[in-house]
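Below: one structure, written as structure tokens.
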Amino acid sequence: MNLTYDISIFPLLYIPILIFMLAIFSLYLYNKTKLKTELYISVSMFLLVAISLYFYSFEGENLTFDSFPFQVATCLLLIETVIMQLLSEKRNLNTCISIGIGIVLICGSLLLPPLLSGLVFPVILFILVGWRYFRTANRNATEVIRMSLLLSLGITVILGSLIGSTAFQFISSLLIVSYLICENTYYFNRVISLFKNVSITSMTDSLTQLYNKAFFFKKADQLLSKQPISFIFADIDNFKQLNDQKGHDYGDKVLQNVSLIFKRTVGEQGFVCRYGGEELVSIITTNRAMELAELFRKNLEKNSGITVSVGVAHSEELDVDVKEGEEMITSLVKLADTRMYQAKKQGKNQVC
């Protein structure tokens, strides 16, 4: 069976495929995350896929620019925009009213005579773009690209209606498909950002924003297999008394401030983690561990009046019979911890 389509509508044949990809991806996400939002997006996209199969019914037809496919395709992309803004971007309903009105008017324009419909259709797009430009306070890059593509589509439709060139029909189809590709890309980017945030949350401490203990062991294991490392193990002096006398809120602020100074002191030379309570530990990847530990102690006392007792241990110090991996890390932590307690016994506010 030979299928032939007007060249101007050829790009529109990809619309069902693009929407179907989005529907499958959101369904996959729902299966993994059980978020109802993804299920709603998936169901909505499958409905749009069913509608978009309409474009395959124009096989063998010679189409004029003001034919149904172009207006229907534009309605589909506007409907997808509304769905994405309400469900994925969490916009409120008021921000989508203008698009909803645009969809209704474009559908209404299909009832007009062909040439008049071809002229009214782009005017509706211009009004829609103008409305959104002046009423949307947060005109981010995504919104600007959306408005630019709709504006370009409106200009192309007017020129195509007046000139009647197949080239403008084809460009119009490409703009519609480009808009849908952008919408899919925005959705994928939002999902990637979501997973990145989840990943960051899973390896950071919520109070100090330092890496957590789980990250510490994982990262130390990775580094030990490649190079020598050192641990700086720090404990805030008299922290319990601070909590008892000034309250836990004050203690939290102290811990946050100490963490910030520790992180700034270490910089790109290691990874600072919260080990537990008021104990902080840093993996140092250079040979400056003792120097950095002393610099941290001085910076903290100078800038906040808070003191710490610090212990430093190097992987080269471990016995050769200590196995690699978690046992080696535990032994190194224990050595740094012992030296930290030695610093406390010797009067606190020092590095051992």
Fill in the blank from the handout: Rounded to the nearest 0.5 angstrom, the CG-CG distance for Leu207 and Asn212 is 13.0 Å
Exercise for the section: For residues Ser44 and Ile83, report the shortest heavy-atom separation together with the two atoms involved. Expected result: CB-CD1, 3.5 Å
Exercise for the section: Take Lys246 and Val254 through the test side chain to side chain contact (heavy atoms under 4.5 Å, CB included) and record every step on the way to the result. Expected result: CA-CA 11 Å; Lys246 298 189 177 182; Val254 168; over 6 Å; no
Practice task
Considering non-hydrogen atoms only, spot the tightest contact between Ser172 and Thr156 and give its length.
Solution key: N-CG2, 3.8 Å
Problem - From CA spacing to verdict: salt bridge (Lys or Arg N to Asp or Glu O under 4.0 Å), Arg146, Glu183 - result: CA-CA 9 Å; Arg146 279 173 176 156; Glu183 282 297 320; 2.5 Å; yes
Exercise for the section: Show the numbers, then the answer: is there a side chain to side chain donor-acceptor pair (under 3.5 Å) between Ser309 and Asp235? Expected result: CA-CA 6 Å; Ser309 297; Asp235 185 274; over 6 Å; no
Exercise for the section: Take atom CZ of Phe215 as the centre, draw a 6.0 Å sphere, and report whether it contains more than 12 heavy atoms from other residues, nucleotides or ligands. Expected result: yes
Handout entry: Any donor-acceptor pair under 3.5 Å from Gln227 side chain to Leu223 backbone
Key = no
Exercise for the section: For the residue pair Leu149 and Cys182, establish whether any side-chain heavy-atom pair is separated by less than 4.5 Å. Expected result: yes
Practice task
Please test Ile176 against Thr74 for side chain to side chain contact (heavy atoms under 4.5 Å, CB included), starting from the C-alpha separation and ending with a verdict.
Solution key: CA-CA 7 Å; Ile176 291 171; Thr74 304; 3.8 Å; yes
Problem - Side-chain heavy-atom pair Leu210, Thr204 within 4.5 angstrom cut-off - result: no
Problem - Residue pair Met290 / Ile232, side-chain heavy-atom distance below 4.5 Å - result: no
Practice task
Work out which heavy atom in Val266 is nearest to a heavy atom in Phe271; give both atom names and the distance.
Solution key: CG1-N, 4.4 Å
Exercise for the section: Can you see which heavy atom on Val312 is nearest to which on Ala293, and at what distance? Expected result: CG2-CB, 3.7 Å
Handout entry: Any donor-acceptor pair under 3.5 Å from Arg274 side chain to Gly277 backbone
Key = yes
Practice task
With the side chain counted from C-beta on, respond yes when Leu77 and Ile15 share a heavy-atom pair under 4.5 Å apart, and no when they do not.
Solution key: no
Exercise for the section: Side-chain contact test, heavy atoms from C-beta onward, threshold under 4.5 Å: evaluate it for Phe296 versus Val258 and give yes or no. Expected result: yes
Practice task
Kindly say whether the aromatic ring centers of Phe216 and Tyr211 come within a distance under 6.0 Å.
Solution key: no
Practice task
Using the side chain to side chain donor-acceptor pair (under 3.5 Å) rule, take Tyr187 and Ser26 through it: C-alpha gap first, then chi angles, then the decisive distance, then the call.
Solution key: CA-CA 9 Å; Tyr187 177 68; Ser26 55; 4.7 Å; no
Handout entry: Tyr341, OH: over 12 other non-hydrogen atoms inside 6.0 angstrom
Key = no
Exercise for the section: Please determine if Glu317 and Arg339 form a salt bridge, counting it only when a charged side-chain N lies under 4.0 Å from a carboxylate O. Expected result: yes
Exercise for the section: Please round to the nearest 0.5 Å and tell me the distance separating atom CG of Asn257 and atom CD1 of Ile236. Expected result: 9.0 Å
Exercise for the section: Ignoring hydrogens and angles, tell me if any N or O in the side chain of Glu279 forms a donor-acceptor pair with the backbone of Ala234 under 3.5 Å. Expected result: no
Handout entry: Leu18 backbone acceptor or donor facing Asn184 side chain under 3.5 Å
Key = yes
Exercise for the section: Could you tell me whether the side chain of Gln209 and the main chain of Ser206 form a donor-acceptor pair under 3.5 Å? Expected result: yes
Problem - Sidechain-backbone polar pair: Ser282 side chain, Ile284 backbone, donor-acceptor under 3.5 Å - result: no
Exercise for the section: State plainly whether the residues Asp249 and Lys253 are in salt-bridge range, i.e. N to O under 4.0 Å. Expected result: no
Completion exercise
When rounded to the nearest 0.5 Å, the distance separating CG of Leu47 from CG of Leu76 is 11.5 Å
Practice task
Establish, yes or no, whether a centroid distance under 6.0 Å links the rings of Phe188 and Phe25.
Solution key: yes
Handout entry: Approximate separation, where rounding is to 0.5 Å, of Ile145 CD1 and Leu150 CG
Key = 12.0 Å
Exercise for the section: Kindly indicate whether the side chain of Ile19, heavy atoms from C-beta on, has any atom under 4.5 Å from the side chain of Phe46. Expected result: no
Handout entry: CA sep, side-chain torsions, deciding dist, call: Val308, Met340, side chain to side chain contact (heavy atoms under 4.5 Å, CB included)
Key = CA-CA 9 Å; Val308 287; Met340 182 272 292; over 6 Å; no
Handout entry: Closest heavy-atom pair and its distance - Pro122, Gly154
Key = CB-O, 3.2 Å
Handout entry: Leu255 with Tyr250, same ILVMFWY side-chain cluster at under 4.5 Å
Key = yes
Problem - Minimum side-chain heavy-atom gap Leu280-Cys273 below 4.5 Å - result: no
Handout entry: ILVMFWY network linking Leu335 to Val281, side-chain heavy atoms under 4.5 angstrom
Key = no
Problem - side chain to side chain donor-acceptor pair (under 3.5 Å) between Gln269 and Arg288, worked out - result: CA-CA 9 Å; Gln269 300 181 69; Arg288 298 183 60 220; 3.0 Å; yes
Completion exercise
Heavy atoms of Val177 and Pro11 approach each other most closely as CG2-O, 3.1 Å
Exercise for the section: State whether the side chain of Asn238 and the backbone N or O of Gln241 hold a donor-acceptor pair below 3.5 Å, judged by distance alone. Expected result: no
Practice task
Establish whether Leu27 and Ile17 are linked, either directly or via other cluster members, by ILVMFWY side-chain heavy-atom contacts under 4.5 Å.
Solution key: yes
Handout entry: Val104 with Ile124, same ILVMFWY side-chain cluster at under 4.5 Å
Key = no
Problem - Glu301 and Thr307 side chains, donor-acceptor separation under 3.5 Å - result: no
Problem - Side-chain touch Leu260/Phe262, heavy atoms, less than 4.5 angstrom - result: no
Exercise for the section: Quick one: pull up CD in Glu278 and CG in Leu242 and give me the separation to the nearest 0.5 Å. Expected result: 10.0 Å
Practice task
Using the rule that two of Ile, Leu, Val, Met, Phe, Trp, Tyr join whenever any of their side-chain heavy atoms come within less than 4.5 Å, decide whether Phe233 and Ile261 are in one cluster.
Solution key: no
Exercise for the section: Taking the six-membered ring for Trp and the full ring for Phe, Tyr or His, determine whether the centres of Tyr14 and Phe20 are under 6.0 Å apart. Expected result: no
Handout entry: Separation of Leu105 CG from Leu125 CG (nearest 0.5 Å)
Key = 10.5 Å
Exercise for the section: Verify, without hydrogens or angle tests, whether Asn303 (side chain) and Asn299 (backbone) share a donor-acceptor contact under 3.5 angstrom. Expected result: yes
Problem - Derivation of the side chain to side chain contact (heavy atoms under 4.5 Å, CB included) call for Leu128 and Leu78 - result: CA-CA 11 Å; Leu128 174 60; Leu78 292 178; 3.9 Å; yes
Practice task
Look only at the side chain of Ser42 and the backbone of Leu39, and say whether a donor-acceptor pair between them is shorter than 3.5 Å.
Solution key: no
